[in-house]
There are 2 protein chains.
Amino acid sequence: MESSSIVAALSSLAQETRLAVFRTLVEAGPDGMAAGAIAERLKLPAPTLSFHIAQLERAGIVASRRAGRSIMYAAHFPAMQALIEALTESCCAGNPEACGFPKPKSKRRKVAA
Amino acid sequence: MESSSIVAALSSLAQETRLAVFRTLVEAGPDGMAAGAIAERLKLPAPTLSFHIAQLERAGIVASRRAGRSIMYAAHFPAMQALIEALTESCCAGNPEACGFPKPKSKRRKVAA
DNA sequence: ATGATATTTCGATATTTCCAAAATTATGGA
DNA sequence: TCCATAATTTTGGAAATATCGAAATATCAT
């Protein structure tokens with residue numbers, strides 16, 4: 001993962017409102033939630049939510065799809081996984097096991113068939 | 001982990017210079033590096049490094065100790081671990097295995113003797 | 001088409017963050 | 001004590017980010 005992508009992903013989560021939005025979406029599951037429902041749940045004015053969720057989307061942390069008049073947002077788990085792996089790598093690189101994780105060297109290996 | 005601590009930790013890493021500093025410190029290992037050495041390595045003016053590394057320290061991501069005239073900074077691995085675990089939890093909560101991690105429910109269990 | 005609803009974009013302001021030169025503080029050696 | 005070195009704090013200005021009302025856009029139902 002590119003250093004700039006890591007920074008972008010971290011930045012997108014490094015804000016109370018956006019972290020709350022992301023958590024709400026994780027809770028909501030793969031189908032996600034409509035923008036309006038998120039705004040209502042978090043008591044956010046629509047433009048404020050829109051501003052923040054756009055950043056999460058730009059960072060690839062959430063995905064959107066239109067459903068009628070609504071726009072459904074959902075957590076994008078692979079991106080989150082990639083971020084966590086990148087952090088783990090950053091953390092452990094050159095210092096294997098310092099982090100206490102099982103496989104510090106390589107990216108998690110695919111399950112052999 | 002408190003939501004505000006997560007945001008603080010993420011914010012501290014969500015910046016190119018600070019991420020580079022952190023990585024340098026991970027590479028340096030548990031003994032860490034003197035502020036001046038970090039600044040030289042990353043070609044940063046001393047006040048700029050000081051500004052950024054203070055944020056990493058406030059977030060608990062790095063630790064410092066004085067050694068003579070120098071101040072040694074070192075990555076604080078437990079904090080990084082906690083952050084990664086918090087993210088994993090945020091990511092997986094309510095959606096176990098969506099993230100593809102082995103033990104999605106509880107905090108990593110200690111290695112049985 | 002017209003109206004109602006859902007959301008985003010625009011615009012203006014307030015706040016925070018970033019940067020680095022200048023000044024300050026802390027430490028150790030002669 | 002005086003000097004040199006290592007770092008931080010202060011300072012101030014530029015740039016980026018946050019907030020949210022008003023306006024614009026998109027979609028569906030009639």
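The figures that follow rest on heavy atoms only: side chains count, while hydrogens, waters and symmetry mates do not. Since this is a predicted model, take the numbers as computed values, not measurements. Every chain is numbered from 1 and lettered A, B, ... according to where its sequence line falls, protein lines coming before strand lines.
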Side-chain donor/acceptor of B/Arg41 to backbone N/O of B/Lys43, under 3.5 Å
no
Does the A/His76 side chain pair with the main chain of A/Ala63, one donor and one acceptor, at a distance under 3.5 Å?
no
Any side-chain donor paired with an acceptor under 3.5 Å for B/Ser4 and A/Glu16?
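The criterion, which ignores hydrogens and geometry beyond distance, is not satisfied for A/Glu16 and B/Ser4.
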Testing the basics here: between A/Val62 and A/Phe22, what is the closest heavy-atom pair and its distance to 0.1 Å?
CG1-CD1, 4.4 Å
For A/Leu87 and B/Met80, work out which heavy atoms get closest and say how close.
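Closest approach of A/Leu87 to B/Met80: CD2-CE, 3.8 Å.
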Please tell me which of the listed nucleotides, [options], lies nearest to the side chain of [X]?
{"X": "A/Phe51", "options": "C/dT8, D/dT19, D/dT8", "answer": "D/dT19"}
{"X": "B/Arg69", "options": "D/dT17, D/dA4, C/dT8", "answer": "D/dA4"}
{"X": "B/Pro45", "options": "D/dC20, D/dT8, C/dA20", "answer": "C/dA20"}
{"X": "A/Pro47", "options": "C/dA20, C/dT8, D/dT27", "answer": "C/dT8"}
{"X": "B/Tyr73", "options": "C/dT8, D/dA18, D/dA7", "answer": "D/dA7"}
{"X": "B/Arg66", "options": "D/dA18, C/dC18, C/dA26", "answer": "C/dA26"}

Using heavy-atom distances to pick each residue's nearest nucleotide on DNA chain D, tell me which of A/Arg18 and A/Gly68 is more 5'.
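Its nearest nucleotide lies further toward 5', so the answer is A/Arg18.
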Using a cut-off of less than 4.0 Å, is there contact between a side-chain N or O of [X] and OP1 or OP2 of [N]?
{"X": "A/Thr48", "N": "D/dC20", "result": "yes"}
{"X": "A/Gln55", "N": "D/dT17", "result": "no"}
{"X": "B/Ser70", "N": "D/dA7", "result": "yes"}
{"X": "A/His52", "N": "D/dT19", "result": "yes"}
{"X": "B/Gln15", "N": "D/dA16", "result": "no"}

Between [N] ([atom2]) and [X] ([atom1]): distance, integer Å:
{"X": "B/Leu10", "N": "D/dT17", "atom1": "CG", "atom2": "C1'", "result": "17 Å"}
{"X": "B/Ile53", "N": "D/dA6", "atom1": "CD1", "atom2": "C1'", "result": "13 Å"}
{"X": "B/Leu56", "N": "D/dT8", "atom1": "CG", "atom2": "C1'", "result": "16 Å"}
{"X": "A/Leu42", "N": "C/dT7", "atom1": "CG", "atom2": "P", "result": "14 Å"}
{"X": "B/Leu44", "N": "C/dA20", "atom1": "CG", "atom2": "P", "result": "8 Å"}
{"X": "B/Arg58", "N": "D/dT9", "atom1": "CZ", "atom2": "P", "result": "9 Å"}
{"X": "A/Leu49", "N": "D/dT19", "atom1": "CG", "atom2": "C1'", "result": "13 Å"}
{"X": "B/Ile71", "N": "C/dA26", "atom1": "CD1", "atom2": "P", "result": "11 Å"}

Looking at side-chain heavy atoms only, is the closest gap between A/His52 and A/Thr48 below 4.5 Å?
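The answer is yes, as the side chains (C-beta and beyond) meet within the 4.5 Å cut-off.
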Please list, in numerical order, the residues of residues 32-41 of chain B that have a heavy atom closer than 4.0 Å to any atom of DNA chain D.
B/Ala34, B/Ala35, B/Gly36
Between B/Met72 and B/Leu42, is there a shared hydrophobic cluster once you connect ILVMFWY residues whose side-chain heavy atoms come closer than 4.5 Å?
no
With the 4.5 Å side-chain cut-off for hydrophobic clustering, are B/Phe51 and B/Leu19 part of the same group?
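Shared cluster, no.
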